[in-house]
Amino acid sequence: MTVVESEAVVLCACDYGESDRIVTFFSLEWGLVRAMAKGARRSRKRFVHAFEPNSVVQLGLGRRRTLSWVESCRLVEGHLALRTDPLRWAYAGLLLETTLRLNPENMPSPPFYTLLRGALERLGTDRDPANVAALFLVRALRILGTLPSLERCVQCGATIEEASFWKLSLETGRFSCGAHGAAAEEGIALDKGSAALFQSMLRAPVEKIWRFRLRKGVAADVIHAVCTWVEHHTAQRLKSRRLLDRMANGSEGGTRFPRSSALIPSP
Amino acid sequence: MVTKAHPPVLRELVRRLSKLPGIGEKSATRLAMFFLKAPEEVVEGLVENLVRLKRDIRTCPVCFHFTDGALCSICADPSRKTGEICVVETSADLLAIEESGAFKGRYHVLQGALAPLDGIGPDDLRIPELLSRLEQEDVREVILATNPTGEGEATAHYLAKLLEKSPVRVTRIASGIPMGGDVKYADKVTLERALQGRRSVL
C-alpha cells in the first residue's frame, strides 16, 4: 500500500454505512478523486472538521488499484467568510458542483486547481460574488478545452476591434461578430469592451484573473449560459443553480441571479 | 448466509431486517432467530409499536418536533414558556439538548440547513413558521443552535440577518474545544473560535 499526499479542495461528503464517509476532493496531484474515510463519523480526533465543503486540506491518501481511502486530512483553510453570507455560500456551491460535473476522475489539472482555490478565496472577500463566479466558469471552460477561441469572428475573421457587437454561443461553439451572429437567439451578447475584457482575462495567468470586472448583466448572462451548457452536456440539473434561481425569484424585479438583499424576504 | 434451507418466511424476514441501517445479513439472521425463539407477546409488542409509530407520529404544528398528540410535550408545557426559542436543525439535535437539561425554553426545528449542493434553500426550511411564531408568541430571545458546520453556520447567519431588525435578542451557541477534548487534536478553526470566545474566569 502506498500513501501519497496532496493539497485538495473538499467538494462534498456523504455518509456511508454506520461510521464511514465518502468524500470527493479536487486535488492538485490527481484532480477529482473520491475516497473512503473509515471511521470518520466515529472518531473525534482523526478527521476533525476536515470534510467541510469549500475547505482546503492537506490530504494523505492510501491507494490500491482503483480504491482510495483517506489516511490523513488536515485543514489548511476553512473559508469561513463564505459561511457568513448565504449568497456567497450558494455561489460557492455552484463552483463546487460545476467542478464535480465537468472533471473526470483521476485526471490531474493543476491550472483548474489553482482556479478553484483562487475563486473560493476571492468569493469570500470580493464585493461582487457573481463576477467571481462568472470569471471562474469561463476560465474553467477554457481549461477544459470547451470554450471557442475569442480572437476572431469564426465566419469572417474580423478582430475584436473591427466590430461593435459579438455573440458567444457555447452550444454551437461559435464566437461571431454582430454581422454574422446577430440573428442567433442563443448565446451571450457582448459589446466590444466586454469581448476585449474576456480576451484579456483568458490570456492572463489563472491567479490574476480576479481583477477583471464584467458588466453586471454580462456576469449574470455568462453564469446562466454556462450553467445551461453544463446541464445540457451532463444531462443533470445543477442543484445549486436551482437554489440561486429560487433566491432570485423571491426578489423584486425578477433578476436571474440575486443580490445579497434579495435573500431577505420582504416582511 | 441465508440458503434455501431457511424457510421462505425466515428468508424474507432476514432480507427485510438487513435493510435496516447498520444491520448486515449476519446480524439480521441473528435478530430473526431471536424473534423466532422469543415469546409471542414480545414480537406482538414490537409489531404494534412499529405500526403505531407510522400511524401516530407526526410533526408538531408549532415547533416541528415529532409528536403523537396535537402538540408536542414541550409546546404543551406552560412552564416552558420562558420567552426563549432555541432553533435547531433536526429533532435529533433537540433531543440532545433536552437530554443535557441545560435549556428550559421552547424549540423550533428547521428540518434541515441551507445546502446548495442538495438544492436546499430557505424556502425548504421552516423559516416562515419561525417568523410567524415570533409575531404571535411573546419571545425575547432566539438562540441559534444550528450545527457549527458550513451548512449550519450559513443557516445561522441567514437567520441572524433576517432577524436583524426584529426586537428579539438573537444569540448563537458557543463553539470551541469540547469538554474532555484535547487541544492538540483541535483544528485551527476550532482553536481560533475558542480563543475568540474566551471569557474571564474571575
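All chains are named by letter (A, B, ...) in the order of the sequence lines, taking the proteins before the strands, and each is independently numbered beginning at 1. Side chains are part of it too, since the values below use all heavy atoms of this structure and drop only hydrogens, waters and symmetry mates.
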Presence of salt bridge, [Y] and [X], under 4.0 angstrom:
X         : Y        : result
Asp77(B)  : Arg80(B) : no
Arg101(A) : Glu97(A) : yes
Asp15(A)  : Arg41(A) : yes

With a 4.5 angstrom heavy-atom cut-off, is it the side chain or the backbone of [X] that approaches chain B, or both, or neither?
X        : answer
Leu80(A) : side chain
Glu52(A) : side chain
Leu11(A) : backbone

Most contact-rich option vs chain A, by heavy-atom pairs under 4.5 angstrom, among Ala115(B), Ala186(B), Gly22(B), Ala160(B), is Gly22(B)
For the interface with chain A, which of Gly119(B), Ala154(B), Gly150(B) has the highest count of heavy-atom pairs at distances below 4.5 Å?
Gly150(B)
Could you pull out all residues at least two apart from Arg11(B) that satisfy side-chain hydrogen bond (donor to acceptor under 3.5 Å, both in side chains)?
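Once residues adjacent in sequence are excluded, Arg11(B) has no partner under the side-chain hydrogen bond (donor to acceptor under 3.5 Å, both in side chains) criterion.
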Test: salt bridge (Lys or Arg N to Asp or Glu O under 4.0 Å). Region: residues 185-202 of chain B. Which pairs qualify, not counting sequence neighbours?
Glu153(B)-Arg193(B)
Under 4.5 Å from any heavy atom of chain A, what part of [X] do you find: side chain, backbone, both or neither?
X         : result
Ile127(B) : neither
Glu164(B) : neither
Pro128(B) : neither

Under 6.0 Å from the ring centre and within 45 degrees of the ring axis: does the NZ or CZ of Arg126(B) meet both conditions for the six-membered ring of Phe64(B)?
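Relative to the ring axis of Phe64(B), which defines the angle, Arg126(B) lies inside both limits.
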